[in-house]
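Note that the structure is predicted; figures quoted are calculated from it, not measured. All residue numbers refer to positions in the sequence shown, counting from 1.
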Amino acid sequence: MPLAFDTQFFRKLERFEIFPHGVHRGGQIGHRRSPSRGTGLEFADHKEYSPGDDIRYIDWNVYAHLEELFVKIFEQEEALPLYILLDTSASMSVGEGGGASKLTFGANLTAALTYVGLSNQDYVRVSLFAEGKVASTKILSGKTRIYEVLDRLDTQPNGTTDLTAAIEAFSTENPTAGMVFIISDFLDPNGLLTGVRLLAGRKFAVQGIHLVAPQELTPDVAGDIELEDLETGKRLRMATRRDTMQRFHAFFEEHCANVRGELAKYGARYLRLSSDQSLDEVLFTRLPKEGVLR
């Protein structure tokens, strides 16, 4: 599976960082400023001295002018725990032959987001999921670790989609809350509500990225056809009618709306992308516009 990266492309990504919507941070020191205040590296403000405050942080210059005691407070910088879950089930193969498959597009997007995190000293873990199982990298830090992720992303689509089981497995091995990207076509007949509720309950911030292939929006079919489920192998014979594509399009848009609604119910964000989009356009225009990158 070809990944569309070289050193020059990675350098272009270094101007961005992941926007940590609603992340409840841990205590690891890193690149990002924490909204909480503490003794850190960069001065932020003053507050009136209270008994018990560390007298080492009294600002005597202020006292000389106001004859009142104030202590310095600082912004603490902390690392963002960043998790990326990429769907590698069989349905992610759709798109091959007419451009990039959903999996190829998703793998390229995963690599880009990973590099953005690593270049900002965040702690990143990439997990591939199918059949309800999760295969994860170690927790990575530092730009050179991107090559471990690229090796892991060299995979083929296979198996069924079980989002709930995959998220449960992910949650078990990752107790530290952070920012979670779920990159998937979300073609799970059982939905993702249970899994998203679990992540929200454990204070993870969730960004769902819904990948759609052009063939799914406008399938090129006519007459009597036989459909095959890529994940289960089940087949269905049917005759298309004049309004079949219209009804299918309405059904597919309803599916997308349901995914958005299930994510929104627990405060998760939703973004739909087509696998035939330019990766440059997505990374340098769409994601900053949507507030995913800044």
Side-chain angles (χ1 to χ4, degrees), residues 1-2 85-110 127-135 153-169 182-197 208-265 268 270-279 282:
M1 179 176 58
L85 280 75
L86 175 64
D87 184 352
T88 61
S89 62
S91 64
M92 293 288 284
S93 67
V94 175
E96 291 176 347
S101 70
K102 290 182 286 186
L103 181 55
T104 298
F105 184 89
N108 280 302
L109 183 58
T110 297
S127 301
L128 311 183
F129 70 90
E131 296 282 353
K133 300 176 182 178
V134 172
L153 292 173
D154 186 13
T155 188
Q156 298 298 317
N158 187 50
T160 59
T161 306
D162 188 338
L163 285 160
T164 296
I167 291 173
E168 286 177 348
I182 305 175
I183 302 175
S184 175
D185 57 13
F186 296 112
L187 291 176
D188 183 344
N190 297 315
L192 68 156
L193 200 59
T194 302
V196 175
R197 181 172 64 235
I209 297 184
H210 188 180
L211 300 187
V212 175
Q215 297 91 325
E216 293 173 315
L217 288 173
T218 55
D220 184 15
V221 296
D224 295 336
I225 60 174
E226 183 177 65
L227 304 176
E228 180 180 356
D229 187 317
L230 290 172
E231 296 189 356
T232 66
K234 292 182 179 179
R235 299 190 175 193
L236 173 67
R237 291 182 179 274
M238 63 173 289
T240 60
R241 303 185 310 188
R242 183 177 301 175
D243 66 341
T244 297
M245 289 302 97
Q246 182 180 352
R247 290 187 293 116
F248 173 82
H249 185 74
F251 172 82
F252 192 84
E253 290 296 334
E254 182 181 359
H255 160 68
C256 294
N258 287 338
V259 172
R260 180 192 292 271
E262 290 190 352
L263 287 165
K265 186 169 184 179
Y270 173 88
L271 177 62
R272 179 168 130 182
L273 298 174
S274 177
S275 63
D276 67 342
Q277 287 182 265
S278 158
L279 194 63
V282 169

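- Residues that satisfy the salt bridge (Lys or Arg N to Asp or Glu O under 4.0 Å) test with R197, not counting sequence neighbours, are absent from this structure.
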Residues 257-264, side-chain donor-acceptor partners within the protein, below 3.5 Å, at least two apart:
unit_1 : atom_1 : unit_2 : atom_2 : d
N258   : ND2    : E254   : O      : 3.3
E262   : OE1    : L192   : N      : 2.9
E262   : OE1    : L193   : N      : 3.4

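- Not counting sequence neighbours, the partners of R237 by the side-chain contact (heavy atoms from CB on, under 4.5 Å) test are E226.
- Scanning for side-chain contact (heavy atoms from CB on, under 4.5 Å) contacts around A90 gives L230, E231, with sequence neighbours left out.
- Shown here are the side-chain hydrogen bond (donor to acceptor under 3.5 Å, both in side chains) partners of T88, two or more places apart in sequence or in another chain: there are none.
- With sequence neighbours excluded, no residue satisfies salt bridge (Lys or Arg N to Asp or Glu O under 4.0 Å) with E131.
- Residues satisfying the ring-ring contact (aromatic ring centres under 6.0 Å, His included) criterion with F129, sequence neighbours excluded, are absent altogether.
- Listed by chain and residue number, nothing satisfies the side-chain hydrogen bond (donor to acceptor under 3.5 Å, both in side chains) test with E168 (two or more places apart in sequence, or in another chain).
- H249 meets the ring-ring contact (aromatic ring centres under 6.0 Å, His included) test with no other residue; sequence neighbours excluded.
- For T164, the side-chain hydrogen bond (donor to acceptor under 3.5 Å, both in side chains) criterion is met by no residue, not counting sequence neighbours.
- Remark: the T161 side chain and the D188 side chain contain no N/O donor-acceptor pair separated by less than 3.5 Å.
- For E216, the side-chain hydrogen bond (donor to acceptor under 3.5 Å, both in side chains) partners two or more places apart in sequence, or in a different chain, are K102.
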